Amino acid sequence: MFYEFKKIEEKWQKKWDKEKAYRSLPDPKRKKFYLLEMFPYPSGKIHMGHVRNYTIGDVASRFKMLQGYNVMHPMGFDAFGQPAENAAIKNKTKPDLWTHKCIKDMEQELKKMGFSYDWEREISTCEPSYYKWNQWIFLKMFERGLAYKKASAVNWCSSCSTTLANEEVIDGACWRCHTKVEQKDLEQWYLKITEYKEKLLDDLTQLNEWPERVIAMQNNWIGKSSGVDIYFRLSNSDKIISVFTTRPDTIFGATYIVLAPEHPLVNGLIKGKPQEKEALKFIDKVAKESKVVRASSDVKKEGIFTGSFAVNPVNNEEVPIWIADYVLMEYGTGAIMAVPTHDQRDFLFAKEHNLPMRIVINPTTYDLQLITMREAYEGDGKQVNSGEFDGLTNTEAKNKIANWMEQKKIGKIQTHWRLRDWLISRQRYWGTPIPIIYCEKCGVVPVPYEDLPVELPKDAPFTGEGGNPLGKVKKFVEVKCSKCKARARRETDTMATFFDSSWYFLRFCSPKFNAGPFDVQDAKYWMTVDQYIGGIEHAILHLLYSRFFTKFFQDIKMIDFSEPFQRLLTQGMVLKDKEVMSKSKGNIVDPDSMIKNYGADALRLFILFAAPPETELEWDERGLEGAFKFLNRVWRIQDNLKEKSDPELLKILHKTIKKVGDDFQEFKFNTAIASLMELTNAIYQSGSDKEVFAKLIIMLSPIIPHFAEEAWQQLGNKESIFKTVWPLVDKKLLIEENVTIVIQVNGKVRTKIDVAVSISEDELRKMVLADERLKPWIENKPIRNFIVVPNKLINLVL
RNA sequence: GGGCGGAUGGCGAAAUUGGCAGACGCGAUAGCCUUAGGAGCUAUUGGGGCAACCCUUGGAGGUUCAAAUCCUCUUCCGCCCACCA
């Protein structure tokens with residue numbers, strides 16, 4: 001019999017599709033398992049990254065089915081976004097036509113991989129039936145003050161002509177097109193994610209089934225830092241400059257302070273001073289500089305003296321006030337105290353501008369000398385020149401000084417966060433319209449719930465020029481105020497697409513529900529997502545936003561949990577010649593052609609076997625050929641199956657069942673496949689045993705579902721293999737009667753002996769000492785130590 | 001600068017978590033089968049050595065009866081964050 005993968009795969013794909021084989025319904029009597037992979041952007045073609053991501057998910061899903069779980073495994077499309085608009089301009093089509101075509105193509109490609117999706121739950125975020133609920137959620141947030149509009153300097157991508165969230169700025173450039181991001185003052189919509197900063201941080205400790213590095217990255221991003229705000233009074237007035245520091249132990253060494261050029265007090269400080277003109281020039285220059293340039297670490301720190309002084313509140317010393325580009329208005333208080341002796345940036349700046357220094361912490365083993373210092377001393381040590389705190393270790397002094405300043409009301413213990421509110425306005429067409437109306441009389445008016453959805457007009461012009469196409473559609477823009485019925489103007493900004501994906505996992509629970517974003521009862525049954533799988537690139541953006549939305553839904557009492565994803569797996573990238581596959585590098589391997597040549601099952605098998613899921617995977621077509629060969633080898637076993645049972649083979653079978661079950665649970669597919677290969681080899685060696693073969697097929701079925709269904713049918717089964725159960729381990733067969741023990745002399749392997757598991761240590765000792773093969777090694781030498789590791793190893797120490 | 005993760009044959013990788021380093025596969029070599037094979041089967045395959053043996057997990061030390069695994073130092077690579085006070 002020849003393994004005709006093409007025929008087999010088509011046959012089963014058709015059958016699964018027709019029978020809706022992977023439909024999932026809530027069933028309180030059965031234990032549920034919600035398995036989710038990050039849904040794709042519908043580009044029209046799947047790539048190897050998708051193949052890997054979804055194959056891992058599919059194996060997990062099918063394994064859970066075989067274990068008897070009520071599995072929900074949905075798929076959908078993150079369908080809003082810029083490429084559709086670009087395609088519309090380029091190909092003279094419409095974003096929705098283009099997107100729908102892409103979705104169609106992509107569904108076909110996914111089906112060709114044999115993934116076990118419940119297609120009845122398919123969602124696409126660009127449908128009004130979906131984005132209506134984006135608008136609903138936005139309004140709920142607006143009512144609670146969590147969605148608000150403010151003017152501020154925002155990240156602007158001139159190429160995409162839209163704003164970007166902080167999270168979307170990568171290395172100072174647009175995450176999508178890599179154009180350098182500029183600063184622009186605009187009025188924009190924000191979501192108040194900062195309202196949840198403590199919860200987002202604290203709940204990270206609950207996520208013990210998430211990869212540590214994702215937790216670390218989120219931790220970092222939220223960026224809680226504890227310290228003290230210290231109040232410096234201006235020398236010639238009562239005005240206060242508040243500076244933030246995490247090192248209150250160095251306050252006695254603060255010899256000057258530095259403000260960000262944008263700091264509101266700056267103008268007053270330079271007014272009338274000899275430096276005024278020069279300072280204004282400097283401020284202007286910095287303002288024009290993009291954040292990218294300003295943030296690049298190789299640029300020299302620039303600054304200028306204001307001509308004014310402030311008073312260090314701990315010792316009443318007058319210190320000069322400077323402005324410098326390395327101090328950022330967005331962080332802390334926009335002002336710092338500079339301690340050149342114990343902060344490297346301050347040290348360089350002070351040297352450059354000849355500013356005073358004072359040592360206030362000495363290392364425990366020697367004393368610092370100002371003249372010999374080549375760099376700041378940032379380590380721990382003992383306080384000096386610090387008034388009543390001299391002699392304390394700086395770690396003790398940190399708290400003591402902080403408390404002392406608070407008592408004297410010259411400072412306040414303070415926590416600052418790195419996390420900013422989330423900018424969601426995009427000046428684009430292909431996204432969810434923000435449901436807001438601007439009325440001259442009533443101001444900002446939310447669209448009433450009963451008027452949702454605010455639908456995207458289908459006939460917007462796509463020219464690629466003149467900004468947002470939405471703004472050019474008169475009947476969209478011109479509306480009546482829903483409060484006073486006067487002529488008003490509709491918001492033309494749309495929502496960032498990350499809004500759409502921040503709650504889609506909830507929508508999957510009841511994708512057609514039309515009385516709310518999701519059916520609370522269904523969500524109660526299916527949520528939380530038991531296993532989530534996706535790329536590490538979403539470690540911050542999508543995963544943080546989803547956690548935020550979940551907490552919001554909990555607050556409005558629609559769900560009773562605060563974290564959406566129980567267990568998270570981040571799969572590694574697929575590389576070709578050690579580089580990420582990308583169009584620009586021209587090293588893309590198209591999954592479709594691989595399916596044509598070797599079949600989806602072989603592709604699935606290879607991609608799981610070649611590397612563990614979390615590490616990078618080097619593409620190697622010869623490896624794929626190897627997987628294909630293995631399938632042929634298994635296929636050929638069917639030619640002469642016999643009803644017989646070889647006790648040795650049965651032992652191997654049950655060991656394999658145990659190993660593969662454990663490995664699947666832990667996503668160690670590569671080693672699971674290795675043991676299945678070993679079992680296959682053993683079947684060949686002992687003659688083909690029908691019962692063992694059937695078990696082998698069941699274990700392989702999550703990996704190569706088409707192949708397994710076909711073989712299962714050939715074995716005479718009427719029902720799908722996925723209706724059967726995972727084989728049970730016969731524990732009796734795992735027990736070994738004999739065991740091989742390694743004998744070492746001084747830690748080197750010299751021989752091995754086979755003994756009964758039950759052998760006593762005394763008997764074992766006698767046997768070893770009598771062993772002829774060891775004689776040359778231990779002759780005439782006293783044995784100092786006789787180490788026995790039960791059933792494993794003996795080490796004779798001479 | 002901070003955080004996280006790596007480094008094991010020609011290649012992808014295993015190693016029950018301190019107990020036989022290199023499972024499984026790719027590639028390679030030889031043979032069989034075949035009209036032929038880029039199919040299949042069998043054997044060999046970390047390095048050195050005729051051999052007994054010796055060496056070998058980026059490098060240098062250390063702990064231990066025993067180290068790929070633990071500790072210290074060090075080199076290189078990847079990812080994330082970053083003038084964050």
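All chains are named by letter (A, B, ...) in the order of the sequence lines, taking the proteins before the strands, and each is independently numbered beginning at 1. Since this is a predicted model, take the numbers as computed values, not measurements.
Residue Lys659(A) is out of contact with every strand shown, counting any heavy-atom pair closer than 4.0 Å.
Taking atom P on both nucleotides, rC55(B) is separated from rG1(B) by 40 Å, rounded to a whole Å.
Residue Glu618(A) contributes atom CD, which lies 12 Å from atom P of rC11(B) at whole-angstrom precision. When rounded to the nearest whole Å, the span between NZ of Lys668(A) and C1' of rA13(B) equals 14 Å.
Counting distance only, with no hydrogens placed and no angle test, the side-chain atoms of Asn795(A) and the base atoms of rC65(B) include a donor-acceptor pair under 3.5 Å.
A salt bridge links Lys655(A) with Glu736(A); the closest basic N to acidic carboxylate O contact falls under 4.0 Å.
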Handout entry: nucleotides 67-78 of chain B: protein proximity per nucleotide (B base, S sugar-phosphate only, - neither; heavy atom, under 4.0 Å)
Key = ------------
Problem - B/S/- contact track for nucleotides 31-51 of chain B, protein heavy atom under 4.0 Å - result: --------SSS----------
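Candidate nucleotides rA13(B), rA23(B), rC65(B) were compared by shortest atom distance to the side chain of Glu678(A), and rA23(B) ranks first. Nearest nucleotide to the side chain of Pro612(A), out of rA14(B), rC55(B), rG19(B): rA14(B).
Other residues, nucleotides and ligands place no more than 12 heavy atoms under 6.0 Å from the CZ atom of Arg213(A).
Taking the ring-ring contact (aromatic ring centres under 6.0 Å, His included) definition, one finds that His416(A) meets it with Phe244(A), sequence neighbours left out.
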